[in-house]
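Taking it in order: structure first as structure tokens, then the write-up.
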There are 2 protein chains.
Amino acid sequence: MIEARHLRVLRAVAATGSFSAAARELGCTQPAVSQQMKALEASAGTPLLVRTGRETRLTQAGEVLVRHAAGILAGLTAAEEEVAAIAGLRAGRVRLVSFPSGSSTLVPTALAALRAAHPGTRVSLVEAEPPRSVEMLRDGDCDVALAFRYGAGHTAAEWDDLVVRPLLADRLVGLVPEGHRLADAGSVEIAELAGESWIAGCPRCRRQLVDVCEEAGFVPRIDFATDDYPAVVGLVGAGLGVAVLPELAIESVRPKGARTVTVEPAVEREIVALTLPDLAQVPTVAATLDELSRAATRA
Amino acid sequence: MIEARHLRVLRAVAATGSFSAAARELGCTQPAVSQQMKALEASAGTPLLVRTGRETRLTQAGEVLVRHAAGILAGLTAAEEEVAAIAGLRAGRVRLVSFPSGSSTLVPTALAALRAAHPGTRVSLVEAEPPRSVEMLRDGDCDVALAFRYGAGHTAAEWDDLVVRPLLADRLVGLVPEGHRLADAGSVEIAELAGESWIAGCPRCRRQLVDVCEEAGFVPRIDFATDDYPAVVGLVGAGLGVAVLPELAIESVRPKGARTVTVEPAVEREIVALTLPDLAQVPTVAATLDELSRAATRA
DNA sequence: GTCGGCTCCAAGAGTCGCTTATGCTCGCCT
DNA sequence: AGGCGAGCATAAGCGACTCTTGGAGCCGAC
């Protein structure tokens with residue numbers, strides 16, 4: 001009989017690569033970890049870890065167990081959350097993970113409303129870009145993930161086992177330096193920017209930019225690329241190039257020395273909130289999704 | 001912390017509608033069930049069962065927990081099944097690395113037997129010479145390494161932290177071109193070959209050759225050196241020189257134009273299978289080692 | 001009214017798991 | 001090459017837990 005407690009320890013060992021580090025993370029002593037792993041290997045009937053002096057690695061059986069552990073532990077925590085919510089303890093907490101430009105706009109609005117409507121609920125916020133944030137969700141490291149996707153169909157398949165709550169469509173706008181020949185154009189065709197020096201954002205957005213430009217018949221010359229959108233705005237403001245970036249990303253940035261222009265053809269990214277099917281039943285999670293929806297419609 | 005064991009009991013209670021019946025189904029006494037449910041309700045923080053004189057029904061929280069229990073317990077049993085399959089040799093993989101002349105003789109025999117005895121196990125094979133293969137083993141890039149050593153004592157120290165399974169002793173034989181003055185000698189003293197042009201094999205074998213010749217009182221003139229044993233045989237067959245090489249290396253090569261002769265004094269290399277101490281406990285690895293041993297004794 | 005089944009309660013014994021303490025090996029730095 | 005620190009294993013001791021046995025209370029059925 002494999003016990004969930006053992007799986008939790010195994011996962012910590014696999015994540016940290018060390019018994020001692022796992023013990024620190026779990027808040028117990030190293031011999032406890034050692035004994036639990038011994039017991040788990042005994043009940044599994046085969047070694048799960050290989051100790052090679054310098055590091056501890058997983059055997060194939062160990063990998064199998066860690067893979068299952070994610071689902072099992074996620075199910076357990078989901079069950080605990082839901083029961084706790086029903087128990088009316090209002091000890092319910094929501095662990096939210098969001099991409100940077102979402103956490104500065106949608107999230108504050110939603111969390112303020114959530115706190116007003118349900119005092120006692122606690123929310124933790126961590127920032128992570130979509131590929132990583134969805135992984136955290138599946139691993140049970142968070143309850144709700146804010147993510148985005150370009151073109152509705154592209155990444156739909158990878159989320160088909162999740163609850164997807166569409167929030168809003170975030171239009172891409174152009175950003176050019178003041179004094180640029182198109183600074184006062186109001187609206188520009190993207191092809192008009194073919195010869196410019198480009199400043200790109202996060203990897204996903206960068207790929208999207210290249211795709212859009214390709215359809216317009218040119219390859220953008222990307223001189224700078226950074227995940228930091230205020231930095232992108234700063235670079236454009238300093239006259240180092242032009243950029244195309246989500247409207248939400250510049251909402252909380254003062255576009256000093258830069259001007260926004262509408263870009264044709266219109267391109268949008270869809271911002272969604274994700275959660276696990278089981279978690280969607282948990283009141284605090286449901287309330288968080290609702291508040292995010294409300295914040296999105298107000299924006 | 002909700003425990004899987006509790007969920008199992010809860011499910012039995014929900015299914016049977018009675019503590020006593022659940023106890024009978026689970027093979028324990030009724031107070032045990034009673035206490036477990038008490039503990040589960042304590043950790044859930046809310047009642048899960050309503051005892052109405054005649055029958056016990058689930059509360060909403062209880063229903064939620066039972067609903068989650070299905071998935072969690074299914075995940076646990078699935079994990080157990082998969083691990084048991086690996087432990088029971090109905091599944092699992094072994095990553096084997098071998099030196100070239102081993103992979104064409106011992107390995108095919110062993111893998112055929114392994115597949116016959118345990119269908120479902122998968123084996124991957126990569127070729128690498130001993131220094132590199134042992135490194136791969138230590139780095140976790142393979143599970144079993146076929147290697148060899150000359151003279152039992154020389155390289156023993158570097159493997160003292162590994163599990164060494166001796167397979168067979170591979171005798172060195174001489175190879176001379178047809179028409180050579182010693183082609184029909186049957187057995188030759190190595191000193192008789194002092195003046196010949198030599199064709200050497202892999203670095204380790206080359207060093208061994210030089211050592212043996214030094215003991216016989218001469219330095220071999222090595223005109224060609226290649227890791228490719230069929231090439232060595234070909235060169236000898238073409239009359240370009242003589243060679244001394246492991247019997248196993250020429251077993252799968254048709255010695256066209258070349259003749260083998262016994263060399264005195266007899267020199268052997270020991271062929272062994274190596275693995276890490278922890279991995280030796282893994283069923284698939286142990287089975288692979290056994291089949292290699294069996295293949296070696298049959299050869 | 002009595003009986004049978006079910007549940008809860010209490011006490012005892014055994015087991016289990018954690019912690020502290022200690023020894024050992026390995027890698028690293030001097 | 002030797003000392004040092006980190007990490008893992010092991011042993012003993014202790015507390016907690018869980019199961020069992022035995023008994024009592026409760027409700028419905030006959």
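Note that the coordinates shown come from a computational prediction; the quantities given were computed from them, not determined experimentally. Below, chains carry the letters A, B, ... as their sequence lines are ordered, and counting in each starts from 1.
Atom CZ in B:Arg5 sits about 12 Å away from atom P in D:dC17, given to the nearest Å. Look at CE on A:Met37: it is 13 Å from C1' on C:dG17, rounded to the nearest Å. The CG-P distance, from B:Leu26 to D:dT18, rounds to 16 Å in whole Å. Separating the CE atom of B:Met1 from the C1' atom of C:dG17 is a distance of 15 Å, rounded to the nearest angstrom.
Among B:Thr275, B:Thr121, B:Thr284, the one residue that satisfies the side-chain contact (heavy atoms from CB on, under 4.5 Å) test with B:Val94 is B:Thr284. Tested against A:Glu41 for a side-chain contact (heavy atoms from CB on, under 4.5 Å), the candidates A:Leu49, A:Thr46, A:Thr59 yield a single pass: A:Leu49.
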Checking side-chain contact (heavy atoms from CB on, under 4.5 Å) for the pair B:Val164/B:Leu274: CA distance, chi angles, key distance, verdict?
CA-CA 5 Å; B:Val164 181; B:Leu274 303 172; 3.6 Å; yes

Could you go through residues 64-75 of chain A and list every donor-acceptor pair under 3.5 Å that involves a side-chain atom there, pairing it with any protein atom two or more places apart or in another chain?
from, atom 1, to, atom 2, distance (Å)
A:Arg67, NH2, B:Glu82, OE2, 3.3
A:His68, ND1, A:Val64, O, 3.2

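Residues passing the side-chain contact (heavy atoms from CB on, under 4.5 Å) test with A:Glu3 are A:Arg5, A:His6, sequence neighbours excluded.
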Contact state string [nucleotides 7-13 of chain D, B base, S sugar-phosphate only, - no protein heavy atom under 4.0 Å]
SBBB---

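Here B:Thr29 does not reach the OP1 or OP2 of D:dC19: none of its side-chain N or O atoms lies under 4.0 Å away.
Side-chain contact, B:Arg165 with B:Ser293: a donor N or O sits under 3.5 Å from an acceptor N or O.
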